[in-house]
Amino acid sequence: MRNKVIAGNWKMNYSIEESVKLISELKQGLTETDAKVIICPPFTSLETANALLKGSKIELGAQNMHNETSGAFTGDISASMLKSVGCKYVILGHSERRAIFGESNEFINKKVHKALSENLVPILCVGESLEEREKNITKDVVKNQLVVGLDSVSAEQAEGIIIAYEPVWAIGTGKTASPAQAQEVHEFIRSLISEKYGQETAEKVIIQYGGSVKPDNASELLSQKDIDGALVGGACLKADSFLGIIKAAKN
Ligand code: 13P
């Protein structure tokens, strides 16, 4: 049985003051749940978030990092820096990083290795664009992202990785993949992991869905056999809607 994992990707939103407000509301409103809950605020709010989350069930993640340990990488941030402010998770290969900042599968693979070597759990994002879906190459795209993204990752390491399937056409558009469409790709992802690492590992890997997840569509998505959680963008920026999605996450 895989417990659900609900993560909020705040993207480039919220000052420290606004972050304090949202985290306080989340802590106050969070009721008993079996789900793992993660928030990924912007870098500037991580230290404050870490202090506020002490003793709470909510865990902390970052939205990106560099694969190198330190050095001349202006504007970037390292795994050890993220750990020093309490991060346990890091989103890697988000489609916005791929599309806007030109991150390749090979670069993302280097980051995956760095995160693993520093005991950060990578949340590795994969997903096709609208054009790729229309061309019927969704599975080829996702397979390539996974094969290269997980290159030289061992089975033992793979067990601890979270994969997020985020169809690009569903991100921030209000167009969610239907539960059946999402389940089909999730099942395919699990089959690829099974091929590479064996069934036992594949059964342990968490595969989240992301793309316009809201409280009113979360239960149906999360009740699909291979959907183990959600990576939430817009709806994680308000306590009510993020808490509503967490409530929908039943095993
Ligand atoms: P939305 O929930 O706003 O569609 O964003 C999804 C996402 O990109 C999470 O990483």
Side-chain angles (χ1 to χ4, degrees), residues 4-14 18-19 22 26 35-43 45-46 49 58-65 82 87-101 103 108 111-112 115 120-130 132-133 138 141-142 145-146 149 161-179 181-182 185-186 189 206-222 224 227-249:
K4 301 279 193 260
V5 181
I6 308 297
N9 175 6
W10 293 18
K11 307 194 181 182
M12 197 172 71
N13 290 292
Y14 291 166
E18 291 162 330
S19 304
L22 176 55
L26 289 174
K36 195 186 269 290
V37 179
I38 304 165
I39 57 168
C40 304
F43 296 138
S45 292
L46 288 174
I58 304 171
E59 298 184 283
L60 196 59
Q63 299 172 20
N64 184 33
M65 60 164 228
L82 297 181
C87 289
K88 290 196 184 155
Y89 303 84
V90 59
I91 298 171
L92 296 177
H94 191 280
S95 61
E96 287 148 18
R97 301 293 320 171
R98 293 173 186 268
I100 305 168
F101 302 98
E103 292 194 8
I108 293 159
K111 297 184 188 210
V112 168
L120 281 168
V121 175
I123 301 178
L124 172 62
C125 301
V126 297
E128 81 288 3
S129 65
L130 182 59
E132 289 161 341
R133 176 159 283 263
T138 295
V141 170
V142 168
Q145 289 170 334
L146 268 185
I161 286 181
I162 297 175
I163 294 173
Y165 169 58
E166 299 203 310
V168 179
W169 49 271
I171 295 178
T173 57
K175 271 192 215 160
T176 326
S178 70
Q181 272 174 328
V185 182
H186 280 237
I189 291 172
I206 298 293
I207 310 175
Q208 295 177 315
Y209 169 79
S212 300
V213 178
K214 309 275 179 253
D216 60 0
N217 60 24
S219 330
E220 214 188 334
L221 284 160
L222 291 167
Q224 302 299 306
I227 301 187
D228 309 317
L231 182 54
V232 184
C236 80
L237 294 173
K238 293 265 177 300
D240 279 0
S241 47
F242 194 51
L243 290 167
I245 293 169
I246 295 166
K247 266 213 183 108

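Worth saying up front: this structure is predicted, and the values here are computed from it rather than measured. Remember, it's 1-based here, ligands and their atoms both numbered in the order they're listed. Because only heavy atoms are used, hydrogens play no part in the values below, and waters and symmetry mates are left out as well, while side chains stay in.
Classification of the Y209-H186 ring pair by plane angle, with boundaries at 30° and 60°, yields tilted.
Counting atoms of ligand 1 from 1 in the listed order, those under 4.0 Å from a heavy atom of G211 are 4 (O), 6 (C). Atoms of ligand 1 lying under 4.0 Å from any heavy atom of S212, numbered from 1 in the order shown and given with element: 1 (P), 2 (O), 4 (O). Counting the atoms of ligand 1 from 1 in the order shown, those under 4.0 Å from a heavy atom of L231 are 9 (C), 10 (O).
Taking 4.0 Å as the cut-off, G210 does not count as a neighbour of ligand 1 on heavy-atom distance. At least one heavy atom of G172 lies less than 4.0 angstrom from ligand 1. The shortest heavy-atom distance from A170 to ligand 1 is under 4.0 Å.
The side chain to side chain donor-acceptor pair (under 3.5 Å) contacts involving residues 166-176 comprise H94-E166, E128-W169, T176-N217, where partners must be two or more places apart or lie in separate chains.
Rounded to the nearest 0.5 Å, atoms CG (L22) and SG (C236) are 7.5 Å apart. Rounding to the nearest 0.5 Å gives a distance of 9.0 Å between CG of N64 and CD1 of I91. Note that CD1 of I38 and CD1 of I162 are 4.5 Å apart. Values are rounded to the nearest 0.5 Å.
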Notebook entry, point to check: For K36 and Y89, what are the C-alpha separation, side-chain angles and deciding distance, and is it a side-chain contact (heavy atoms from CB on, under 4.5 Å)?
Noted result: CA-CA 12 Å; K36 195 186 269 290; Y89 303 84; 3.2 Å; yes
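Backbone and side-chain nitrogen or oxygen atoms of T173 are examined, and none is located within less than 3.5 angstrom of a nitrogen or oxygen of ligand 1. The distance criterion of under 3.5 Å between nitrogen or oxygen atoms is met by G233 with respect to ligand 1. In terms of polar-atom proximity, defined here as any N/O pair under 3.5 Å, N9 does make such a contact with ligand 1. Between K214 and ligand 1, no N or O atom pair is found at a separation short of 3.5 Å. Between V232 and ligand 1, no N or O atom pair is found at a separation short of 3.5 Å.
Atom 9 (C) of ligand 1 has its closest protein heavy atom at E166 OE2, 2.8 Å. Of all protein heavy atoms, the one lying nearest to atom 3 (O) of ligand 1 is G234 N, 2.8 Å.
Of the possible polar contacts, one joining the K111 side chain to the M65 backbone as a donor-acceptor pair under 3.5 Å is found. Side chain of Y14 to backbone of L237: a donor-acceptor contact under 3.5 angstrom is found.
By the ring-ring contact (aromatic ring centres under 6.0 Å, His included) test, F242 pairs with no residue at all, sequence neighbours left out.
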